[in-house]
Amino acid sequence: ASPDPLQYRILAELAERSQAVVVMARAAAERLVRIYGVPAAKVHVLPHGVPLPPPGTPAEWKRKLGLQGRTVALIFGLLGPGKGIEVALEAVSLAARAVPDLLYVVAGSTHPEVLRAEGESYRRRLEQEVARLGIAAHVQFLDRYLAEEELLGLLLACDIYLVPYPGRDQTSSGTLTFAMALGRAIVSTPFTYAEEMLPGGAGLLVPFGDPEALAGALVCLARDPLRRSVL
């Protein structure tokens, strides 16, 4: 939304050389026209796709994945800084006091660029934070690449999809889209794509960098299965 000169030049030149520009959110289309001067007729919104759900009910997937008896909050994707997981861990430490069966699952291998730059030091820092907060019984890291069926089964098994991203500018999110398509209750920060996709009560939006607000939303949904089912 606020490009530096190099970002502006690259995107404007790419758009000028293209016959059409495809984006996955209306906000992205609006930015291209307003900020980068791309002709509106050249910009097309094509919503993010989703796969078909796997066979099996949420209860069956919970049993299959050993998650029965837990209220499961989930985030998945390549692990790296900039996803707000540190804030989510603080929120889990607060919410677990009111929801003793809460389990926060962080699923996915480390991002290749992060791995090349610093190995697994970022994941180790998160694990140290879990130990510092005393929430080892409430956090599970799945440190591996998940095949599509297992990933979708994990989404079905979760009760709450937690999206604590720290920045407003993100204009698409495949993980959020998948969670919506599978009917999961969602708690998210109000980044651009989340605001566009979760209007009118389709999820709970909480302020950026606010573990107390995040914890409050987790507790609210964990204690109210009916509300989770209608989000």
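Keep in mind that this is a model prediction, so the values were computed, not measured.
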Undergrad: Using modelled atom types only, decide if a donor and an acceptor are shared between the side chain of Trp61 and the backbone of Pro55 within a distance under 3.5 Å.
TA: yes

Undergrad: How about Phe141 and Val130: do any of their side-chain heavy atoms sit closer than 4.5 Å?
TA: yes

Undergrad: Does Arg125 have more than 12 heavy atoms from other residues, nucleotides or ligands lying within 6.0 Å of its CZ?
TA: yes

Undergrad: Please say yes or no: joined through hydrophobic side-chain contacts below 4.5 Å, possibly via intermediate residues, are Val50 and Phe76 part of one cluster?
TA: yes

Undergrad: What I'd like to find out is whether the side chain of Cys158 reaches to under 4.5 Å of the side chain of Val105, using heavy atoms alone.
TA: no

Undergrad: Calculate, to the nearest 0.5 Å, the distance between atoms CD1 and CD belonging to Ile85 and Glu129 respectively.
TA: 12.0 Å

Undergrad: Kindly indicate whether the side chain of Tyr122, heavy atoms from C-beta on, has any atom under 4.5 Å from the side chain of Leu79.
TA: yes

Undergrad: Enter the distance from Thr189:OG1 to Leu204:CG here, rounded to the nearest 0.5 Å.
TA: 12.5 Å

Undergrad: Can you name the closest pair of heavy atoms from Asp143 and Glu120 and give their distance?
TA: OD2-OE2, 4.1 Å

Undergrad: So if you build clusters from Ile, Leu, Val, Met, Phe, Trp, Tyr with side-chain heavy-atom gaps below 4.5 Å, do Ile75 and Phe208 land together?
TA: yes

Undergrad: Would you say Val23 and Thr171 make side-chain contact, with heavy atoms under 4.5 Å?
TA: no

Undergrad: Any donor and acceptor pair, going by atom type alone, linking the side chain of Arg228 with main-chain N or O of Arg184 inside 3.5 Å?
TA: no

Undergrad: Are Leu32 and Leu11 packed together at the side-chain level, in the sense that at least one heavy-atom pair is separated by less than 4.5 angstrom?
TA: yes

Undergrad: I'd like to know if the side chain of Lys64 and the backbone of Ala157 have a donor-acceptor N/O pair within less than 3.5 Å.
TA: no

Undergrad: Does Val33 belong to the same Ile/Leu/Val/Met/Phe/Trp/Tyr cluster as Tyr8, with side-chain heavy atoms less than 4.5 Å apart forming each link?
TA: yes

Undergrad: What heavy-atom pair brings Leu74 and Ala107 nearest, and what distance separates the two atoms?
TA: CD1-CB, 4.2 Å

Undergrad: Quick one: pull up CG in Leu52 and CG in Leu152 and give me the separation to the nearest 0.5 Å.
TA: 9.0 Å

Undergrad: Which pair of non-hydrogen atoms, one from Arg70 and one from Asp101, has the smallest distance, and what is that distance?
TA: NE-O, 2.9 Å

Undergrad: Pro100 and His138: which non-hydrogen atoms are nearest, and at how many Å?
TA: O-CE1, 3.1 Å

Undergrad: Pairing donors with acceptors under 3.5 angstrom, does anything connect the side chains of Thr192 and Arg31?
TA: yes

Undergrad: Show your reasoning for whether salt bridge (Lys or Arg N to Asp or Glu O under 4.0 Å) applies to Glu127 and Arg123.
TA: CA-CA 6 Å; Glu127 291 170 346; Arg123 185 182 295 274; 5.5 Å; no

Undergrad: How far apart are the closest heavy atoms of Leu103 and Val139, and which atoms are they?
TA: CD1-N, 3.8 Å

Undergrad: Tell me whether Val99 shares a hydrophobic cluster with Leu94, the cluster being built from Ile, Leu, Val, Met, Phe, Trp, Tyr side chains joined at under 4.5 Å.
TA: no

Undergrad: Rounded to the nearest 0.5 Å, how far does CZ of Arg97 lie from CG of Leu102?
TA: 12.5 Å

Undergrad: Do Leu221 and Leu182 land in one hydrophobic cluster if side-chain heavy atoms of ILVMFWY residues count as linked below 4.5 Å?
TA: yes

Undergrad: With respect to Lys62, which candidate in Leu67, Leu156, Leu154 satisfies the side-chain contact (heavy atoms from CB on, under 4.5 Å) definition?
TA: Leu67

Undergrad: The test is side-chain contact (heavy atoms from CB on, under 4.5 Å); show your working for Tyr36 and Val43 and say whether it passes.
TA: CA-CA 12 Å; Tyr36 296 89; Val43 182; over 6 Å; no

Undergrad: Is there a side-chain contact between Val87 and Pro166, using heavy atoms and a 4.5 Å cut-off?
TA: no

Undergrad: Taking everything shown except Glu16 itself, do over 12 heavy atoms lie less than 6.0 Å from its CD?
TA: no

Undergrad: Take Arg26 and Glu30 through the test salt bridge (Lys or Arg N to Asp or Glu O under 4.0 Å) and record every step on the way to the result.
TA: CA-CA 6 Å; Arg26 292 187 301 275; Glu30 187 272 335; over 6 Å; no

Undergrad: At their closest point, which heavy atom of Val206 faces which heavy atom of Ala217, and how far apart are they?
TA: CG1-CB, 3.9 Å

Undergrad: Side-chain contact test, heavy atoms from C-beta onward, threshold under 4.5 Å: evaluate it for Met180 versus Leu198 and give yes or no.
TA: yes

Undergrad: For side-chain contact (heavy atoms from CB on, under 4.5 Å), just list the numbers for Leu176 and Phe191, CA-CA rounded to whole Å, side-chain angles, deciding distance to a tenth of an Å, and then say yes or no.
TA: CA-CA 11 Å; Leu176 174 61; Phe191 62 96; 4.0 Å; yes

Undergrad: Do Arg132 and Ser93 have side chains that get closer than 4.5 Å, going by heavy atoms?
TA: no

Undergrad: Report the distance from atom CE of Met24 to atom CD of Glu196, rounding to the nearest 0.5 Å.
TA: 11.5 Å

Undergrad: How long is the straight-line distance from CE of Met197 back to OG of Ser173, given to the nearest 0.5 Å?
TA: 9.5 Å

